[in-house]
Amino acid sequence: MHIPDGFLSHGINVATFVISSGACAYGVKRVNRNFGEREVPLMGVTAAFIFAAQMINFPIAGGTSGHFLGAVFSSVLLGPWASLLIMTIVLVVQCLGFADGGLTAIGSNIFNMGIVGSLGGYSIFFILYNLFQKSRKGFFFALTISSWFSIVMGASGAAIELAISGTSPIQVALPAMAGIHAIIGIGEAIITTTAVSLILKTRPDLVTSYAKKGALYEKAA
Amino acid sequence: MKKRLDGFVLIGFGIALLLTLFLSPFASTSPDGLEKVAETKGFAEKGESWKFWKYAPLPDYAIPWIKNEKVSTALSGLIGTLAIFFLAFGIGRLIKKSPPGKKMFLILLLFLLPFSSTSVFAAHPLITDDTGTQGKGKFQLEVNSEVNYDKESEAGVKTKTKGGEVATTLSYGIIDNVDIVLGIPYQWFKVKEDGEIISREKGLSDISLELKWRFYERDGWSFALKPGVTFPTGKEEKDLGTGRTTYGLFFITTKEIGPWAFHLNFGYMRNENKLDERKDMWHISLASEVKLIKNLRLVANIGAERNPDRTSNKHPAFILGGLIYSITENFDIDFGIKGGLNKPETDLTILVGMALRF
């Protein structure tokens, strides 16, 4: 889903860059309130895991591949704002270090995968988890659905940007992007649910969003 | 609890490394979702026509000089995973601890790092400048950082100073042999006396603007003059600046012999200040560089400056050793360790920097 240089118009590049920087700046403020001694190494290892997992493309139908994104995964572990920052760090390093995703499109990539993926994905998780009255089953259901949506919504965001940029008309780009990523999203849902349930088994205290009671949106202070 | 968290981090990190080392080389090489759509919907060539950022050291998750694709992918992933871990860890720490202003500034700098290149000192970590210029119309952006430690003990009172600096320097070649150089330093330090903090400051220090003119060049010898001014942008009452606009002039000589290069600097600096410090300062230093292999230079440096303290005639002197590694022709990273040779000089300084030319 990493958009390279050349796909998007400069208008879109600038607009998404401004929105993404603003969101990251606010994210820093939010994370500052909640981060303690424990979260720092957790942020490092979560980001490292996401980067590593993103390298592993799995084949899907029709000679296409997809990979894990980790937006909902990191949101559920550390909160959506920390997740936005993690996605930003990963995207910046991938762009500058590995030529994966264009530098001019960095704002759009952070928008699609960080803002839409992490913040949007987590919002869906949060609503569903609450609808199911924070039951264990509800947690996994919310996790599965929201991680699928994080991919499809992020891809749709990319399609809309491509359409506004005049690269590909919306009636072509949107169904194509959403269609392919609906399949990739299944992979995302499986990996996210498996990884979180493993962590929940071994270290339930580290899954900040899985609380039996009390504040959920972010770690209770 | 703490220990168990360490265990978790270790296991998580271990899993990440296993993924990159053993699974990533066997990942699907088919186009991903977006690439596929771009191919089938006919806009793929738009992404191939130009690239804004051409300096990625490990393009497409490969180490360019490793021929074996699987090894190349695995190792590039290993580097990336380590880099991400430390970057995220570092940013997390900054966010956790620092007040908003410095935090934003440092995070911005961290992200600017890869874009950055040349400073007051052309070849960081060297203190001594060389006669090199960027060439007409070319830029160099450097981000150089240091942390320093100093211990003194006088009349039974132990003073410990811990500080650091991040300096962003932008050089621009006006003509082939003249550069204009803007330096923006950000400093912080903490002074402890017998274990108690007596002073702790951070902030922008004095911004400098310099002109470097290489006026003569022949048979491996070159000579340059570097006049400069510094502006009182640092808060003087916080010890971050001199509080006055001040100026200086450096004379620089470089001699190149095969893989070796030597640089000699004489400098005069006017130290306008509101404290009762010496106003006329001098600097002398000598540096040598040697190209070990194609992309790696070993550097050494020695020098001294006049002590601004009127009561002392012991002038701070230093010795420094370091490495400069050129990832690409236009992108260097460097590392150095500087030691104080006498009491007035800072005991230990660790320097890390990056330079990008464009």
Side-chain angles (χ1 to χ4, degrees), chain A residues 1-7 25 28-29 31-32 35-36 38-49 51-53 55-59 62-67 85-86 89-90 92-93 95-100 102-104 155 158 162 167-168 172-173 176-177 180-181 184 202-203 206, chain B residues 2 4-6 8-9 12-13 15-17 19-20 23-24 27-34 36-38 40-43 46-53 55-61 73 76-77 79-89 91-93 95-96 100 103-104 107 111 114:
Chain A
M1 210 192 293
H2 294 56
I3 304 174
D5 287 323
F7 275 15
V28 167
K29 221 175 122 182
V31 169
N32 178 239
F35 257 39
R38 287 159 54 84
E39 281 78 6
V40 174
L42 222 50
M43 178 162 166
V45 76
T46 307
F49 174 78
F51 174 83
M55 280 185 72
I56 299 157
N57 283 60
F58 46 82
T64 311
S65 73
H67 62 71
L85 299 183
I86 289 173
I89 294 168
V90 169
V92 169
V93 171
C95 163
L96 296 176
F98 298 87
D100 191 9
L103 184 56
T104 56
L162 289 169
T167 302
S168 182
V172 173
M177 281 297 282
I180 283 190
H181 286 89
I184 297 174
T202 47
R203 291 298 303 268
L206 297 180
Chain B
K2 191 95 194 288
R4 283 185 56 203
L5 183 59
D6 289 349
F8 179 84
V9 167
F13 195 57
I15 291 173
L17 291 184
L19 288 180
T20 48
L23 225 42
S24 74
S28 166
T29 50
S30 301
D32 75 4
L34 175 64
K36 187 73 184 179
V37 170
T40 53
K41 305 302 172 196
F43 59 91
K46 277 194 118 174
E48 284 142 22
S49 50
W50 74 291
K51 228 181 195 152
F52 184 75
W53 173 255
Y55 311 105
L58 307 166
D60 301 318
Y61 301 89
T73 306
S76 76
I79 295 170
T81 306
L82 288 168
I84 293 261
F85 177 77
F86 287 110
L87 201 59
F89 190 95
I91 290 176
R93 271 193 76 127
I95 293 176
K96 189 200 84 180
K103 195 164 63 204
M104 290 292 178
I107 288 166
F111 279 127

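Worth saying up front: this structure is predicted, and the values here are computed from it rather than measured. Just so we're on the same page: letters track the sequence lines, and every chain starts at 1.
In this structure, chain B has heavy atoms under 4.5 Å from both the backbone and the side chain of A/Phe49. With a threshold of 4.5 angstrom between heavy atoms, B/Thr29 does not approach chain A through any atom at all. Of the atoms belonging to B/Thr73, heavy atoms from both backbone and side chain fall under 4.5 Å from chain A. Only the side chain of A/Leu162 comes within contact range of chain B, with heavy atoms under 4.5 Å apart. Neither the backbone nor the side chain of A/Ala158 comes within contact range of chain B, judged by heavy atoms closer than 4.5 Å. Heavy atoms of A/Ile86 lying under 4.5 Å from chain B are absent altogether.
With values rounded to the nearest 0.5 angstrom, B/Phe89 atom CZ is found 10.5 Å from A/Leu42 atom CG. Distance check: A/Thr167 OG1 to B/Lys46 NZ gives 3.5 Å after rounding to the nearest 0.5 Å. One finds the CD1 atom of B/Ile91 at 8.0 Å from the CG atom of A/Leu85 (value rounded to the nearest 0.5 Å). Between the CG atom of B/Asp32 and the OG1 atom of A/Thr64 there is a distance of 9.0 Å, given to the nearest 0.5 Å. Note: A/Ile56 CD1 to B/Ser28 OG = 12.0 Å, rounded to the nearest 0.5 Å.
Nearest heavy atoms, A/Val45 versus B/Gly12: CG2-C, 3.5 Å. Minimum interatomic distance between A/Ala176 and B/Lys41 (heavy atoms only, all atoms of both residues): CB-CE, 3.7 Å. Taking both residues in full, the closest heavy atoms of B/Val9 and A/Pro41 are given as CG2-CB, 3.7 Å, listed atom of the first, atom of the second, then distance. Pairing each heavy atom of B/Ala16 with each of A/Ala52, the nearest pair is O-CB, 3.3 Å. Summarising the geometry of A/Ala48 relative to B/Phe85, their closest heavy-atom pair is CB-CB, 3.9 Å, with the distance given to 0.1 Å. Closest heavy-atom contact between A/Ile89 and B/Ile84: O-CD1, 4.2 Å.
Under the side chain to side chain contact (heavy atoms under 4.5 Å, CB included) test applied with A/Met55, the options B/Thr81, B/Thr20, B/Leu23 reduce to a single match, B/Thr20.
When B/Gly80, B/Ser30, B/Ala27, B/Ala83 are compared by the number of non-hydrogen pairs under 4.5 Å with chain A, B/Ser30 comes out ahead. Contact count against chain B (heavy-atom pairs under 4.5 Å) is highest for A/Gly97 among A/Pro59, A/Gly97, A/Ala47.
The aromatic rings of A/Phe7 and B/Phe43 sit perpendicular, their planes meeting at an angle over 60°, well past the 30° parallel limit.
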